[in-house]
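Down below is the structure, laid out as structure tokens.
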Amino acid sequence: MKIKLDTSGMGQSKWYEYLLRFLFGGAVTAVAGIIAKRFGPEIGGLFLAFPAILPASATLIEKHEKQKKERASQTGVVRGKLAAGVDSMGASMGALGLAVFALIVWQKLPDSRTGMVLAVASLAWFITAVSVWKVREILWRRIRKSSFFASNPGSGASLLRKAPKGRTHE
Amino acid sequence: VDVKEILLRVIVGGIVVSAFAMLGDLLKPKSFAGLFGAAPSVALATLVLTVMKEGKAYASTEARSMILGAFAFVVYGCWVGRLLIRRRTPVLTTTSVAFVVWFVCAFGLWFAWIR
């Protein structure tokens, strides 16, 4: 599957959806700081990888997919849930990169320049997340070719496979 | 934590999280865009402010715990994805209730490794 930049999604989001994400992100950052102050950095650090923004993102994805399908006179409920599910799976791959990010910061921050460490750690997050995603795509393609899903027509995976233009499994 | 610091965290965190979320909106396919749902946005905002206020050693300790939080996030994301794809449960309920999974994993790992 080719990675694309698609600006058509920008018009779908309303101003309050952006505001919601801003508030969620800001709230988690503030709460992480308060927890670190109250319980120490060992507990506070856990919340630097808290998936607080995911419910908001997944709900918006579901809503947009539903609207898209309803405009095309199709039921969008299932499609919306599948899209949100695929997004969550993607986030879990990104979270592996988050672990690498944290590992680099933990090991290198005390003896190096902060800006440099955060830049290298962010790059490592990106490389790890994309690599895991790529490996998963290759494996997924192989699984799809196997006979397993052909004998499980009701599975979510086979529904994704049957999607129009092959776009649902994204 | 004083009010000024909380406000600063809200603004910086909100901007960084929104920027990564908007980047995710622009990307296709969806599983790839999903990677940005686990971008180090909160971490970047927090760590910069923490280094300025508390120093590098404090921020480094936070990062060590963050590794465990990230592994808990992996479990959380897989759990949510599986429920939504296989069982087609309600999105907001699933993603919110599954926070319990994150808490159990994160604090379980913390008790096992750090405490």
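We name chains A, B, ... by the order of the sequence lines, and we start the count at 1 in each one.
- Residues of residues 112-120 of chain A lying within less than 4.5 angstrom of chain B, judged on heavy atoms, are A:Ser112, A:Arg113, A:Thr114, A:Leu118 in numerical order.
- Contacts with chain A were tallied for B:Val91, B:Val17, B:Leu109; B:Val91 has the most, counting heavy-atom pairs under 4.5 Å.
- Contact count against chain B (heavy-atom pairs under 4.5 Å) is highest for A:Leu98 among A:Asp87, A:Leu103, A:Leu98.
- Top candidate by heavy-atom pairs under 4.5 Å with chain A, chosen from B:Thr61, B:Thr94, B:Ile11, B:Val12, is B:Thr61.
- Across every non-hydrogen atom of A:Ala102 and B:Ala63, the tightest pair is CB-O, 3.4 Å.
- Here the side chains of B:Phe73 and A:Ser92 are not in contact, with every heavy-atom distance at 4.5 Å or above.
- Taking OG from B:Ser60 and CD from A:Gln107, the interatomic distance works out to 7.5 Å, rounded to the nearest 0.5 Å.
- Under the salt bridge (charged side-chain N to carboxylate O under 4.0 Å, His left out) criterion, B:Glu54 pairs with A:Lys37, sequence neighbours left out.
- With chain B as partner, the option from A:Gly94, A:Ala58, A:Gly85 having the largest number of non-hydrogen pairs under 4.5 angstrom is A:Gly85.
- In B:Arg64, the CZ atom is crowded: over 12 heavy atoms of neighbouring residues, nucleotides or ligands sit closer than 6.0 Å.
- Placement of B:Trp102 and B:Trp113 within a single hydrophobic cluster is found when ILVMFWY residues are connected by side-chain heavy-atom separations under 4.5 Å, directly or transitively.
- Residues B:Phe99 and A:Pro55 share a closest heavy-atom pair of CZ-CG, 3.5 Å.
- For the side chain to side chain contact (heavy atoms under 4.5 Å, CB included) test, no residue two or more places apart in sequence or in another chain qualifies with B:Ala19.
- Each of B:Leu8, B:Thr46, B:Val75, B:Leu49 has some count of heavy-atom pairs under 4.5 Å with chain A, and the biggest count is that of B:Thr46.
- Separating the CD1 atom in A:Ile53 from the OG atom in B:Ser41 is a distance of 7.5 Å, to the nearest 0.5 Å.
- A donor-acceptor pair under 3.5 Å is formed between the side chain of B:Ser65 and the backbone N or O of A:Glu42.
- Note: A:Leu46 CG to B:Phe103 CZ = 9.5 Å, rounded to the nearest 0.5 Å.
- Using a 4.5 Å cut-off between heavy atoms, B:Thr50 makes no contact with chain A at all.
- At a 4.5 Å heavy-atom cutoff, A:Ser57 makes no contact with chain B through either its backbone or its side chain.
- Residue B:Phe32 holds its CZ atom at 10.5 Å from CE of A:Met93, rounded to the nearest 0.5 Å.
- Annotation: maximal heavy-atom pairing with chain A below 4.5 Å, among B:Ile114, B:Leu44, B:Val80, occurs at B:Leu44.
- Per-residue heavy-atom pair counts under 4.5 Å with chain A were compared for B:Ala98, B:Ser96, B:Cys78, and the maximum is reached by B:Cys78.
- In this structure, no portion of A:Phe24 lies under 4.5 Å from any heavy atom of chain B.
- At a threshold of 4.5 Å between non-hydrogen side-chain atoms, the residues A:Tyr18 and B:Met22 count as touching.
- Contact tally against chain B (heavy-atom pairs below 4.5 Å) for A:Leu23, A:Val28, A:Ile43, A:Leu54: the top residue is A:Ile43.
- Note on A:Ile3 and A:Leu139: separate hydrophobic clusters, where clusters join Ile, Leu, Val, Met, Phe, Trp and Tyr whose side-chain heavy atoms are under 4.5 Å apart, directly or indirectly.
- Every residue meeting the salt bridge (charged side-chain N to carboxylate O under 4.0 Å, His left out) condition with A:Lys63, not counting sequence neighbours, appears here in chain and number order: A:Glu17.
- If you measure heavy-atom distances from B:Leu92 to chain A, the contacts under 4.5 Å come from both the backbone and the side chain.
- Residue A:Val31 does not touch chain B at all, counting heavy-atom pairs closer than 4.5 Å.
- For the pair A:Val130/B:Leu35, a side-chain contact is recorded, criterion being any heavy-atom separation below 4.5 Å from C-beta on.
- Rounding to the nearest 0.5 Å places CZ of B:Arg86 at 11.0 Å from CG of A:Leu82.
- Heavy-atom distances place the side chain of A:Phe101, and not its backbone, under 4.5 Å from chain B.
- Across every non-hydrogen atom of A:Lys81 and B:Leu84, the tightest pair is O-CB, 3.7 Å.
- Both the backbone and the side chain of A:Leu96 come within less than 4.5 Å of a heavy atom of chain B.
- Judged by distance alone, with hydrogens and angles left aside, the side-chain atoms of A:Trp106 form no donor-acceptor pair with the main-chain N or O of B:Ile67 at under 3.5 Å.
- Of all the listed residues (B:Leu7, B:Leu68, B:Val51, B:Leu83), the one sharing the greatest number of non-hydrogen pairs under 4.5 Å with chain A is B:Val51.
- Note that NZ of B:Lys56 and CG of A:Leu109 are 6.0 Å apart. Values are rounded to the nearest 0.5 Å.
- Neither the backbone nor the side chain of A:Ile104 has a heavy atom closer than 4.5 Å to any heavy atom of chain B.
- Within 6.0 Å of atom CZ in B:Phe20, more than 12 heavy atoms from other residues, nucleotides or ligands are found, so the atom counts as buried in its surroundings.
- Side-chain rings of A:Phe50 and B:Tyr76 stay apart, their centers remaining 6.0 Å or farther from each other.
- Residues B:Val97 and B:Val104 do not share a hydrophobic cluster, clusters being chains of Ile/Leu/Val/Met/Phe/Trp/Tyr side chains in contact below 4.5 Å.
- Contact check for A:Phe126 versus B:Pro40: no side-chain heavy atoms found under the 4.5 Å cut-off.
- Ranked by heavy-atom pairs shorter than 4.5 Å toward chain B, the options A:Ser88, A:Pro51, A:Ala91, A:Ala52 are led by A:Pro51.
- Heavy atoms closer than 4.5 Å to chain A are found in both the backbone and the side chain of B:Ala21.
- In this structure, the side chain of A:Trp125 engages the main chain of B:Ala38 through a donor-acceptor pair within 3.5 Å.
- Hydrophobic clustering of Ile, Leu, Val, Met, Phe, Trp and Tyr side chains at less than 4.5 Å, counting indirect connections, keeps B:Trp79 apart from B:Phe107.
- The shortest heavy-atom contact between A:Gly25 and B:Val42 is O-CG2, 4.5 Å.
- Both the backbone and the side chain of B:Ala39 come within contact range of chain A, each with at least one heavy atom under 4.5 Å from a heavy atom of that chain.
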Give the C-alpha distance, both sets of side-chain angles, the deciding distance and a yes or no for side chain to side chain contact (heavy atoms under 4.5 Å, CB included) between A:Thr29 and B:Val10. CA-CA 6 Å; A:Thr29 309; B:Val10 168; over 6 Å; no

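- Of all non-hydrogen atoms in A:Arg21 and B:Ser18, the two that sit nearest each other are C-OG, 4.1 Å.
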